[in-house]
Amino acid sequence: MTTLLFPVPNPQSPIPLLNTIDLNADLGESFGTWRMGDDAGVMPWITSANVACGYHAGDPVIMHATVALCLEHGVAIGAHVSLPDLQGFGRREMKVSSNDAHAQTLYQLGALHAFARAAGAQLRHVKPHGALYNMAARDRALADAIAAAVRDFDATLALVGLAGSALVDAGRAAGLHVQREGFCDRRYRADGSLTPRSEAGAVIEDIEAVVAQAVSIATAQAAIAGDGSKVHIEADSLCVHGDRANAAVFAERLHRALEDAGVRIVAAAQPA
């Protein structure tokens, strides 16, 4: 039996509307004949998609299809930019200069923008992936380079970063709209960083524990760290990973539980 860190709301109990939250997923991560995740199953339950741009996953055909799927479901399209690491799925850290990070971010933005424009859609946000995301969360110079690339490409795009991280600060300093992100299925450390995937328990597998953490972040701005301490998390968007087993089931369960808790699920608002 799994012990829940937070109570899951009773759907029969009337709960007043508390706030709004964006529910995002990392999608378009297949490549060639290799398939990752259940994008079609996840898409109806989210409001924003972070679409792989070919560096850690994705290819032109997959990007084209994922953009079309987003349009079909009215899901906001964002670029999921990464370190150039197909073999490691973008989860291996590597040394990268600020100039390289700026250019690589622009390159990937341009690729996804082409497919969005051809489909009559627009990009709404940018979210780094994997190792790049975690590196930019703590390395302000790297975060500044990514934020500058987003600003230089389109200053109306939102930059998504770990709540309380250097990437959020860099986005604000660059004059960008930022979306602070919380994670439904990742274990936090006491300082608000994510437990590295190399450590046991970094990914929360039990669906009820995932739901409980998501509801707690959305309604109480808190999660329980691996050491048992309470972590304060102010999030505008919650991530459910599209590459996990039974991702569609997780996404539906999360969506329904958040609504039962009085949370309205909508794509994060863009600046006027």
Side-chain angles (χ1 to χ4, degrees), residues 1-11 13 15 18-27 29 36-50 75 80 89 91 127 129-130 133-134 160 162-164 179-190 192-266 268:
M1 174 178 289
T2 300
T3 300
L4 300 184
L5 300 177
F6 303 98
V8 177
N10 181 352
S13 302
I15 302 176
L18 298 173
N19 55 8
T20 64
I21 200 80
D22 174 46
L23 190 58
N24 78 75
D26 306 337
L27 301 178
E29 293 183 321
M36 168 67 83
D38 179 10
D39 290 7
V42 170
M43 198 72 77
W45 305 108
I46 62 172
T47 45
S48 295
N50 316 307
V75 170
H80 203 26
F89 198 64
R91 288 180 175 160
K127 174 187 168 181
H129 164 81
Y133 182 95
N134 291 319
V160 181
L162 183 68
Q179 293 174 16
R180 301 164 297 178
E181 185 175 37
F183 284 81
C184 306
D185 57 0
R186 290 293 305 277
R187 185 72 65 208
Y188 282 89
R189 286 176 162 174
S193 63
L194 298 177
T195 300
R197 285 179 177 268
S198 59
E199 296 184 14
V203 178
I204 305 172
E205 299 295 347
D206 180 75
I207 191 168
E208 295 306 322
V210 172
V211 166
Q213 177 159 295
V215 170
S216 179
I217 293 173
T219 62
Q221 298 183 332
I224 300 299
D227 65 359
S229 62
K230 181 179 286 188
V231 183
H232 181 69
I233 302 168
E234 296 183 18
D236 307 298
S237 186
L238 289 173
C239 177
V240 53
H241 283 99
D243 61 344
R244 66 175 302 141
N246 301 317
V249 174
F250 270 76
E252 180 180 2
R253 180 76 178 87
L254 282 167
H255 188 110
R256 296 190 186 282
L258 287 165
E259 288 188 329
D260 289 341
V263 179
R264 183 167 172 253
I265 303 170
V266 295

Would you say the ring centroid of F250 lies under 6.0 angstrom from that of H241?
->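 That pair fails the under 6.0 Å test.
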Look only at the side chain of [X] and the backbone of [Y], and say whether a donor-acceptor pair between them is shorter than 3.5 Å.
X	Y	value
T195	R187	yes
N19	A218	yes
Q213	F183	yes
R189	G226	no
T47	L23	yes
N24	L238	yes
R180	L162	no
S229	A225	no
H80	A49	no
D206	A209	yes

Of L27, D26, V249, which meets side chain to side chain contact (heavy atoms under 4.5 Å, CB included) against V42?
->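 By the side chain to side chain contact (heavy atoms under 4.5 Å, CB included) criterion, V42 pairs with just one of L27, D26, V249: L27.
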Taking C-beta and beyond as the side chain, do V215 and L258 meet within less than 4.5 Å on heavy atoms?
->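 In short, these two side chains touch, coming nearer than 4.5 Å.
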Rounded distance (nearest 0.5 Å) linking atom [atom1] of [X] with atom [atom2] of [Y]:
X	Y	atom1	atom2	value
S193	R186	OG	CZ	10.0 Å
E259	R264	CD	CZ	10.5 Å
I21	Q179	CD1	CD	10.0 Å
I207	N246	CD1	CG	7.5 Å

Run the side-chain contact (heavy atoms from CB on, under 4.5 Å) check on I265 and H255 step by step: do they pass?
-> CA-CA 8 Å; I265 303 170; H255 188 110; 3.7 Å; yes
Before giving the answer on side-chain contact (heavy atoms from CB on, under 4.5 Å), spell out for C239 and K127 the whole-Å C-alpha distance, their side-chain angles and the decisive distance to 0.1 Å.
-> CA-CA 11 Å; C239 177; K127 174 187 168 181; 3.4 Å; yes
By salt bridge (charged side-chain N to carboxylate O under 4.0 Å, His left out), which residues pair with E29, not counting sequence neighbours?
->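 So E29 forms no salt bridge (charged side-chain N to carboxylate O under 4.0 Å, His left out) with any residue.
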Taking only residues two or more places apart in sequence, or in another chain, which ones meet R197 in a salt bridge (charged side-chain N to carboxylate O under 4.0 Å, His left out)?
->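 For R197, no residue satisfies salt bridge (charged side-chain N to carboxylate O under 4.0 Å, His left out) once neighbours in sequence are set aside.
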Which pair of heavy atoms, one from [X] and one from [Y], lies closest together, and at what distance?
X	Y	value
D22	S48	OD1-OG, 2.9 Å
A163	I233	CB-CG2, 4.0 Å
Y188	A223	CD1-CB, 4.1 Å
A222	S216	O-OG, 2.7 Å
C184	I204	O-CD1, 4.1 Å
V211	A257	CG1-CB, 3.4 Å

Could you give me the CA-CA distance, side-chain angles and deciding distance for W45 and R253, then say whether side-chain contact (heavy atoms from CB on, under 4.5 Å) is met?
-> CA-CA 9 Å; W45 305 108; R253 180 76 178 87; over 6 Å; no
Chi angles and distances behind the side-chain contact (heavy atoms from CB on, under 4.5 Å) call for V263, T219 = CA-CA 8 Å; V263 179; T219 62; 3.7 Å; yes
